[in-house]
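Numbers restart at 1 for each chain; the letters A, B, ... are given by sequence-line order, proteins then strands. This one's a predicted model, so the numbers in the text were calculated from it and none came from an experiment.
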Amino acid sequence: MLDPRLIRNELATVVKALAARGFQLDEGHLQTLEEQRKAIQARTQELQAERNSKSKNIGKAKAQGEDIQPMLDEVADLGDKLKAAEAELNALQDELNNILMGIPNLPHESVPAGKNEQDNQELRRWGEPRSFDFEVKDHVDLGEQLGQMDFETAAKITGSRFVVMNSGLARMHRALIQFMLDLHSNEHGYTETYVPYVVNADSLRGTGQLPKFEEDLFKLNAEQEYYLIPTAEVPVTNIVRDTIIDASYLPRKFVCHTPCFRSEAGSYGRDTRGMIRQHQFEKVELVQVVKAEDSYNALEQLTANAEEVLKRLQLPYRVMALCAGDMGFSAAKTYDLEVWIPSQNTYREISSCSNFEAFQARRMQARWRNPETGKPELAHTLNGSGLAVGRTLVAIMENYQNKDGSITVPTVLQNYMGGMEIINI
RNA sequence: GGAGAGCUGGCUGAGUGGUCGAAAGCGGCGGUCUUGAAAACCGUUGAGGGUUAAACCUCCGGGGGUUCGAAUCCCUCGCUCUCCGCCA
């Protein structure tokens, strides 16, 4: 959520900044509502003040044994008037709030202009894509030939966009999770965290998935309004919802492995083959809660932490600065890490690292107490994948494939796989 | 599943219809004392909105109701705890 005062006081600037990311804000409508709100709020508060003072007087008079009937007559219709005013105010505030909750974050000044992924800016590359002296296979062919990756069985059990794995691939999948958790908790200073995979609507509103993106989520058909998490970002960031954090606890850095569940509504026909886009996938997520002044340094750090995973796995990648039009709803700035996928002869997203500034913190009232002023201030939140496990597995399979269809195990993973050096039939 | 108790400021916790945004303690901040620190003592200290500043308004788990007036009474939902039952 944007700062309502910013919207009130600098509406034109906000409208312009939102246009940069392709969002049309109905300026006139908002202004009209805001003016009405102001007027009705003032009137409501006057009525409330009148009620408070008159009630107080009645109390005093009664205590002194005076006849209070005339005073009661005087306030007879005040209650109804007040109730009507409050109802009107509530309706207006709900409407304004709905609009506010649907407005995306403003892009940071350093974010490149642009409409879509064509306009993203490549910042740097690491590693040299390997040249193969045989025809490369994609991970689906490799996995099925190994007999360790089975999409048909998964489709029988559930439906499309799921996978069954076993043996070496299943183990490497697990090894990746352990490796990433260890790296970030032991070397990068993150606190390993375990969280619920089912969350309530408040949590999803806090991080920005609701109210606008409900169709991307799996909603449980339960008595409570519960959803499967689309990313660990939701439960982990909401750890600080409705709290005032002591300054000495900042920055807070969490690393958390969870499965992620996405309905992928609206992505029909995209990446239908293989493990690139699944309804269920594992991800190791990095989340930071920091002071406002630190958040852009934290974004660089968090991105570097995610990059380190790719470096240790010796996977070639590039770093993209997303343009304003390609960024997610809540982000002020986003770097995507894209890993080299030989079968597609291109780089594909494997991590997305974003600074949300105070956008999520304002929605979830996540604050810290500034000792200099003694006042609570909104925190800044960030997160990034470190990394998406399924896609990492895909990248390893394809980049480390051998002519005979076996897959060499990256050195850093061998200890996590009981010394296994190669995956074959 | 059944019965009961509770949810109050950063934290603990008092408050059962009016002068309560709310005692007390802890913690925080400022000061006295001290070479410095600790201890002790004194003062100060909830959040949000509003205003040049004030006035004023809202908030005692969420929502609704009763009342001139609600932290306090009623309804409802959520959560926590205790006991019983059931299951692992």
Paired nucleotide for [N] [Watson-Crick or G-U wobble; both distances under 3.5 Å]:
N     : value
B/A53 : none
B/A88 : none
B/C26 : B/G10
B/U34 : none
B/C59 : B/G46
B/A5  : B/U80
B/U67 : none
B/U19 : none

Rounded distance (Å) that lies between atom [atom2] of [N] and atom [atom1] of [X]:
X      : N     : atom1 : atom2 : result
A/Y249 : B/C11 : OH    : P     : 12 Å
A/L89  : B/G50 : CG    : P     : 13 Å
A/Y226 : B/G78 : OH    : P     : 9 Å
A/N97  : B/G49 : CG    : P     : 14 Å
A/D242 : B/G10 : CG    : P     : 11 Å
A/R241 : B/G62 : CZ    : P     : 13 Å
A/I245 : B/G10 : CD1   : C1'   : 12 Å
A/L72  : B/G18 : CG    : P     : 16 Å

Check this for me, if you would: do [X] and [Y] make a salt bridge, where the nitrogen-to-carboxylate-oxygen distance has to be below 4.0 angstrom?
X      : Y      : answer
A/R8   : A/D3   : no
A/E187 : A/R312 : yes
A/R277 : A/E349 : no
A/K83  : A/D77  : no

[N] versus [M] - spacing of their [atom1] atoms, nearest Å:
N     : M     : atom1 : value
B/C29 : B/G18 : C1'   : 35 Å
B/G78 : B/C86 : P     : 25 Å
B/G13 : B/G48 : C1'   : 24 Å
B/G17 : B/A71 : C1'   : 11 Å
B/G21 : B/U72 : P     : 13 Å
B/G9  : B/A5  : C1'   : 23 Å
B/A3  : B/A70 : P     : 32 Å
B/A38 : B/C57 : C1'   : 45 Å

request  = Hey, can you tell me if A/H184 and A/H188 have their rings parallel, tilted or perpendicular (30° and 60° cut-offs)?
outcome  =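 Ring orientation of A/H184 relative to A/H188: tilted.
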query = Are any of A/K83's side-chain N or O atoms less than 4.0 Å away from OP1 or OP2 of B/U66?
reply =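 Checking B/U66 against A/K83, a side-chain N or O does come within under 4.0 Å of OP1 or OP2.
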ask   = So which nucleotide from B/G10, B/C68, B/U19 ends up closest to the side chain of A/I244?
value =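 Closest nucleotide to the A/I244 side chain: B/G10.
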inquiry  = Quick check: on RNA chain B, is the nucleotide nearest A/K62 upstream (toward 5') of the one nearest A/G79, or the reverse? Name the residue that is more 5'.
reply    =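 In this pair, the answer is A/K62.
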ask   = Which residue pairs pass the ring-ring contact (aromatic ring centres under 6.0 Å, His included) test with at least one member in residues 23-74 of chain A, sequence neighbours excluded?
value =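 Residue pairs with at least one partner in residues 23-74 of chain A: there are none.
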ask   = side-chain hydrogen bond (donor to acceptor under 3.5 Å, both in side chains): which pairs involve residues 102-113 of chain A, sequence neighbours left out?
value =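 Matches after skipping sequence neighbours: A/H108-A/S110, A/S110-A/K333.
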key: Sugar-phosphate only, base, or nothing, as touched by A/R8 at under 4.0 Å among non-hydrogen atoms   =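 Since only primed, P, OP1 and OP2 atoms lie under 4.0 Å of A/R8, the category is sugar-phosphate.
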ask   = Between A/N370 and A/E377, do the side chains contain an N or O donor and an N or O acceptor separated by less than 3.5 Å?
value =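 The criterion, which ignores hydrogens and geometry beyond distance, is satisfied for A/E377 and A/N370.
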task = Quick one: do A/Q365 and A/D242 satisfy side chain to side chain donor-acceptor pair (under 3.5 Å)? Show the steps, please.
result = CA-CA 5 Å; A/Q365 286 300 294; A/D242 293 322; over 6 Å; no
Residue pair A/E338, A/R348: steps toward the salt bridge (Lys or Arg N to Asp or Glu O under 4.0 Å) verdict = CA-CA 5 Å; A/E338 297 184 344; A/R348 294 295 309 261; over 6 Å; no
task = Tell me which residues in residues 364-381 of chain A put a heavy atom below 4.0 Å from RNA chain B, sorted by number, or none.
result =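 Correct list: A/R367, A/R369, A/K375, A/P376.
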ask   = Heavy atom of residues 35-61 of chain A under 4.0 Å from RNA chain B: which residues?
value =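 Listed by number, they are A/Q41, A/Q45, A/Q48, A/A49, A/R51, A/N52, A/S55, A/I58, A/G59.
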Contacts of type salt bridge (charged side-chain N to carboxylate O under 4.0 Å, His left out), residue A/E214, not counting sequence neighbours =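 Once residues adjacent in sequence are excluded, the partners of A/E214 under the salt bridge (charged side-chain N to carboxylate O under 4.0 Å, His left out) criterion are A/K219.
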key: Contacts of A/R270 that satisfy salt bridge (charged side-chain N to carboxylate O under 4.0 Å, His left out) - sequence neighbours left out   =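 Here no residue qualifies.
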